[in-house]
Peer 1: 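What follows is a single structure, and I will ask about it in a moment.
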Number of protein chains: 2
Amino acid sequence: MTYTVKQIARLAGVSARTLRYYDEIGLLKPASLGENGYRYYDEDCLLRLQQILIFRELDMPLEQIKRITGRRDFDIVIALQGHKQELRKRIVQMERLIATVERTIRHLQGEEEMSEQEMFEGFSEEQQAEYEKEAMEMYDPETVKASNARWRAYSAAEKQRIFDEGNAVYKAFIDSMPQGPASPQAQSAVEGWRRHMDYFWTPAVEQLLFLAQGYVDEPRFRATFDKMHPALAEFIRDAVKVYVQGK
Amino acid sequence: MTYTVKQIARLAGVSARTLRYYDEIGLLKPASLGENGYRYYDEDCLLRLQQILIFRELDMPLEQIKRITGRRDFDIVIALQGHKQELRKRIVQMERLIATVERTIRHLQGEEEMSEQEMFEGFSEEQQAEYEKEAMEMYDPETVKASNARWRAYSAAEKQRIFDEGNAVYKAFIDSMPQGPASPQAQSAVEGWRRHMDYFWTPAVEQLLFLAQGYVDEPRFRATFDKMHPALAEFIRDAVKVYVQGK
DNA sequence: TATAAACTATGACGTAACGTTAATGTCAAG
DNA sequence: CTTGACATTAACGTTACGTCATAGTTTATA
């Protein structure tokens, strides 16, 4: 079955303008072009449009959607599984936002204390990213611009993934603490940490220790890590030290 | 306590540029301006910014956020209660989207049939609005432009509310069916239905019957109403007929 | 006290993702 | 054949900032 612009627009709840724009940028090409110049879409286009709309719902920029869905190895089922995960994360985030709203209500009614940080819980994905970015600023102001451009290029979905990965990286450090900073586990965690940094900045080996030292010395970062484990900041510093000496 | 631009930006996870823009458009004015020209914010600004960010999360345009939060009768606690409701609706919508994703997976794996409409379930808020808009196009093409502008001015939150109100309007019709189209209940439902139309178009009395007749004659709308109740389309037409004759 | 880095301001240009309008060709039904 | 619906391309406008340039102010350190 084929669909004209209006038909597919109605089915999907988008405008004809959107479809023409998507054609123009190469995101969703029609299945065929009639002799009259009309666009005609088919079932494959329907399915592809669905993918696009889900990615869009997850705030991914169109150019990036185009790159991902256009890859030869793009697998729809795997993508759909990923969408599911991301949508669930969104729900979790919204539930945290609801919790913040509820807490604000109780605060305004005098029933509960609330710190200025807690007022913005649920938006913390961006807040956490701000902290990571500031770590970069501390050591190389020239990377700020680069990191901004990099960070902005990531979709909200990817930001969430990066954020979660960051938590996993720090957890790996905590798990390796009994074995000591020179242990293979800790050194593996350093490798993971270094790869994690690549989302923001690609530090030279020499810079890694500066950064890790900043985790210890800078009260704000210290506070962040102390919340995870009281000795984490020093441990990271020590593990990175071993790592750097081995390079 | 007072905050400079960077301090409040960090707390809230927004950019300084955003704060300056919000000042510029009058959405969030600083508490004071120093002799140095610097903006200084206070706790009230923190709270207001939180409100703004929640509205923003609910896709409300900034101008509208400004109008709502700037009203003399704006009550934060009531607004927060409303935010909670809207966020919950969002969660419901996302869960529907997840169900669509899951269903698509099963469909692609050959385990289940899926219609072209079902592929876009979870986005149906916009789809339903498309149907309502098309009702208007049928009777007065000149209103299309007006209704487009109107519709667009509504936030996603308001669209959802309008959508839900539409469902309530049709339910009122169904509930009044045992009393007949001329009954006070049915006529009250017509009043509600007419008010509901105001979101898209302000029809003259004469046009109401044309519209109601279209519910009966046009297969697509007929199908929509038949899904709610087999005799609903005719009932609405009859009730509107009584209504119009009484005007 | 001087200096450098961080922070602040304003001005201005650019951008993503369309919405809207104009002009004009095509299709379908009466 | 006529008319309304649908299609096209072109082009301008909109929202909500991001980015960069320029220059003043603040803060911490030597």
Side-chain angles (χ1 to χ4, degrees), chain A residues 2-10 14-28 30 32-41 52-53 55-57 59-66 126 133-134 137-142 144-156 218, chain B residues 2-10 14-28 30 32-41 52-53 55-57 59-66 126 133-134 137-142 144-155:
Chain A
T2 79
Y3 308 85
T4 59
V5 164
K6 184 157 183 177
Q7 284 167 343
I8 193 173
R10 275 171 42 187
V14 298
S15 68
R17 178 74 184 97
T18 300
L19 291 166
R20 282 191 283 268
Y21 182 66
Y22 289 178
D23 179 12
E24 178 191 321
I25 64 174
L27 178 59
L28 176 64
S32 62
L33 215 52
E35 289 188 357
N36 53 12
Y38 285 17
R39 296 171 176 81
Y40 294 100
Y41 299 88
I52 289 166
L53 293 184
F55 278 119
R56 195 179 75 166
E57 188 77 26
D59 294 322
M60 190 178 283
L62 297 185
E63 257 308 306
Q64 199 171 355
I65 296 175
K66 180 181 158 191
E126 279 174 59
K133 280 185 357 184
E134 280 165 2
E137 288 170 11
M138 214 176 306
Y139 299 101
D140 186 354
E142 280 302 314
V144 177
K145 289 168 193 173
S147 68
N148 277 345
R150 271 197 188 187
W151 185 248
R152 185 163 181 269
Y154 297 127
S155 69
E218 172 70 21
Chain B
T2 78
Y3 307 87
T4 59
V5 164
K6 185 158 184 176
Q7 284 166 343
I8 194 173
R10 276 169 42 189
V14 299
S15 67
R17 178 74 184 96
T18 300
L19 290 166
R20 283 191 282 267
Y21 180 66
Y22 289 177
D23 180 12
E24 179 191 321
I25 64 173
L27 179 58
L28 177 65
S32 62
L33 215 52
E35 289 188 357
N36 51 14
Y38 283 19
R39 295 171 175 82
Y40 294 101
Y41 298 89
I52 289 165
L53 294 184
F55 278 119
R56 194 179 76 166
E57 187 78 24
D59 292 323
M60 191 178 283
L62 298 185
E63 257 307 309
Q64 197 170 357
I65 297 176
K66 179 182 158 191
E126 280 175 58
K133 280 182 5 185
E134 280 164 4
E137 289 171 8
M138 213 178 307
Y139 298 100
D140 187 354
E142 281 302 316
V144 176
K145 288 169 194 172
S147 68
N148 275 348
R150 272 198 186 185
W151 186 248
R152 185 162 182 272
Y154 297 127
S155 70

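Every value quoted in this text rests on a predicted model; they were computed, and no experiment measured them. Numbers restart at 1 for each chain; the letters A, B, ... are given by sequence-line order, proteins then strands.
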Peer 1: Does dT26(D) have OP1 or OP2 sitting under 4.0 Å from an N or O in the side chain of N36(B)?
Peer 2: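 Yes, N36(B) has a side-chain N/O under 4.0 Å of OP1/OP2 on dT26(D).
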Peer 1: What residues form a side-chain contact (heavy atoms from CB on, under 4.5 Å) with Y21(A), not counting sequence neighbours?
Peer 2: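 Y21(A) satisfies side-chain contact (heavy atoms from CB on, under 4.5 Å) with R17(A), E24(A), I25(A), L62(A) only.
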Peer 1: Would a 4.5 Å heavy-atom cut-off, applied to side chains only, mark Y41(A) and P30(A) as touching?
Peer 2: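 They are in side-chain contact.
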Peer 1: Determine whether R39(B) and D23(B) satisfy the following criterion, side-chain contact (heavy atoms from CB on, under 4.5 Å), listing intermediate values before the conclusion.
Peer 2: CA-CA 9 Å; R39(B) 295 171 175 82; D23(B) 180 12; 2.7 Å; yes
Peer 1: Quick check on dA7(D): is either OP1 or OP2 less than 4.0 Å from any side-chain nitrogen or oxygen of R39(A)?
Peer 2: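 No, no such contact exists.
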Peer 1: Output yes when at least one side-chain N/O atom of S15(A) is less than 4.0 Å from OP1 or OP2 of dG19(C), else no.
Peer 2: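 Indeed, a polar side-chain atom of S15(A) lies that close.
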Peer 1: For E63(B) and dG13(D), what is the distance between atoms CD and P respectively, to the nearest whole Å?
Peer 2: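 In whole Å, dG13(D) P and E63(B) CD are 19 Å from each other.
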Peer 1: dA16(C) P sits how many Å from D59(A) CG, rounded?
Peer 2: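 In whole Å, dA16(C) P lies 16 Å from D59(A) CG.
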Peer 1: Hey, what do you get for CG (L19(B)) to CD1 (I8(B)), rounding to the nearest 0.5 Å?
Peer 2: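 These two atoms lie 6.0 Å from each other.
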Peer 1: Could you check A16(A) against Y40(A) and say which one's nearest nucleotide on DNA chain C is further toward the 5' end?
Peer 2: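 Final value for this comparison: A16(A).
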Peer 1: In whole Å, I'd like the distance from the CG atom of L27(B) to the P atom of dA16(D).
Peer 2: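 From L27(B) CG to dA16(D) P: 9 Å.
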Peer 1: Q7(A): what forms a side-chain contact (heavy atoms from CB on, under 4.5 Å) with it, not counting sequence neighbours?
Peer 2: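 Q7(A) satisfies side-chain contact (heavy atoms from CB on, under 4.5 Å) with Y3(A), T4(A) once adjacent residues are dropped.
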Peer 1: Do Y38(A) and dC6(D) share a donor-acceptor pair, side chain to base, under 3.5 Å?
Peer 2: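 By the distance-only test, yes, there is a pair.
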Peer 1: For the pair made of CD1 in I65(B) and C1' in dA16(D), what is the distance, rounded to whole Å?
Peer 2: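 Rounded to the whole Å, the gap is 11 Å.
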Peer 1: Counting just side-chain N and O atoms, does R56(B) come under 4.0 Å of either OP1 or OP2 of dC17(D)?
Peer 2: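 For dC17(D), OP1/OP2 do have a side-chain N/O of R56(B) under 4.0 Å.
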Peer 1: What's the separation between atom CD in E63(B) and atom CG in L27(B), rounded to the nearest 0.5 Å?
Peer 2: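 Reported to 0.5 Å precision, the distance equals 8.5 Å.
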Peer 1: Tell me whether the side-chain N/O atoms of R17(B) come closer than 4.0 Å to OP1 or OP2 in dA16(D).
Peer 2: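 Answer no for this pair, as no side-chain N or O of R17(B) is under 4.0 Å from OP1 or OP2.
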Peer 1: What integer distance in Å separates E35(B):CD from dT25(D):P?
Peer 2: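 Taking atom P of dT25(D) as the reference, CD of E35(B) is at 11 Å.
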Peer 1: Compare every heavy atom of A9(B) with every heavy atom of S15(B), then report the nearest pair and how far apart it is.
Peer 2: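 The answer is C-CB, 4.2 Å.
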Peer 1: Can you list, by residue number, the residues of residues 18-25 of chain A that have a non-hydrogen atom closer than 4.0 angstrom to DNA chain D?
Peer 2: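 Under 4.0 Å from DNA chain D: R20(A).
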Peer 1: In whole angstrom, what separates Y3(A)'s OH from dA7(D)'s P?
Peer 2: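 The distance from OH of Y3(A) to P of dA7(D) comes to 15 Å, rounded to the nearest Å.
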Peer 1: In whole angstrom, give the distance that lies between atom NZ of K6(B) and atom C1' of dT27(D).
Peer 2: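 That distance rounds to 13 Å.
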